[in-house]
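Predicted, not measured: the structure shown is a model, and the values here were computed from it.
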Amino acid sequence: RKVRSPLIFAHVRAAYPGMPVSEVNCHPFVYGRYMWMHNGSIASFAKLRRKLETSLTDELYNMIQGKSDSEAAFALFLAQLPNLHKRLAAAELPRAMAATV
C-alpha cells in the first residue's frame, strides 16, 4: 500500500516504564487540528493519573483511548485551550503548554 502526503510526522519513543506496548498508547495523538508527541515520562504518573483525569471535561476524558502519560498530558494541554474548535492565535499555544507543565 502506498501513502502520499505533503507532510510526514514521525517519532520513536520508549514505552512508559511497566506499561505494555500497544497501538493506542503510541503517539502522535490527534484531536481536531492538534497533534501531540511527548518525549520522556511524567514522574509518579500512576499516582497522579486519577487526579489529573478528574480535572478533564467529559469530552477530553472520553478522547483518551490508551493509558499513557503522553495521552493524558495531551488532554491536559487541550484543557488549557480557550476553545478546542476554533483557530487560536499562535500565542495561545505556548501559554497552554506552560499551564500544562
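Contacts of L52 classified as side chain to side chain contact (heavy atoms under 4.5 Å, CB included), with partners at least two apart in sequence or in another chain: F45, L48, L76. For F74, the ring pair (Phe, Tyr, Trp, His ring centres under 6.0 Å) partners two or more places apart in sequence, or in a different chain, are W36.
Atom OG of S68 is separated from atom CZ of R49 by 8.5 Å, given to the nearest 0.5 angstrom. Here the CG-CD1 distance, from L78 to I64, works out to 9.5 Å after rounding to the nearest 0.5 Å. To the nearest 0.5 Å, atom NZ of residue K67 and atom CD of residue Q65 are 12.0 Å apart. In this structure, OG on S44 lies 11.5 Å from CG on D69, to the nearest 0.5 angstrom. Interatomic distance, L60 CG to L84 CG, rounded to the nearest 0.5 Å: 5.5 Å.
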Output a table of donor-acceptor pairs, distance under 3.5 Å, between side-chain atoms of residues 92-101 and any protein atom two or more places apart or on a different chain; print 'none' if there are none.
unit_1: E92; atom_1: OE1; unit_2: R95; atom_2: NE; d: 3.1
unit_1: E92; atom_1: OE1; unit_2: R95; atom_2: NH2; d: 3.4
unit_1: R95; atom_1: NH2; unit_2: Q80; atom_2: O; d: 2.4
unit_1: T100; atom_1: OG1; unit_2: A96; atom_2: O; d: 2.8

Starting from the C-alpha separation in whole Å, work towards a yes-or-no answer on side chain to side chain contact (heavy atoms under 4.5 Å, CB included) for M35 and F29.
CA-CA 6 Å; M35 184 171 9; F29 300 105; over 6 Å; no
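Using a 4.5 Å heavy-atom cutoff, the side chains of L81 and F77 are in contact.
For the residue pair M63 and A75, the shortest heavy atom distance occurs at CE-CB, 3.7 Å.
A side-chain N or O of E59 and one of Y31 form a donor-acceptor pair less than 3.5 Å apart.
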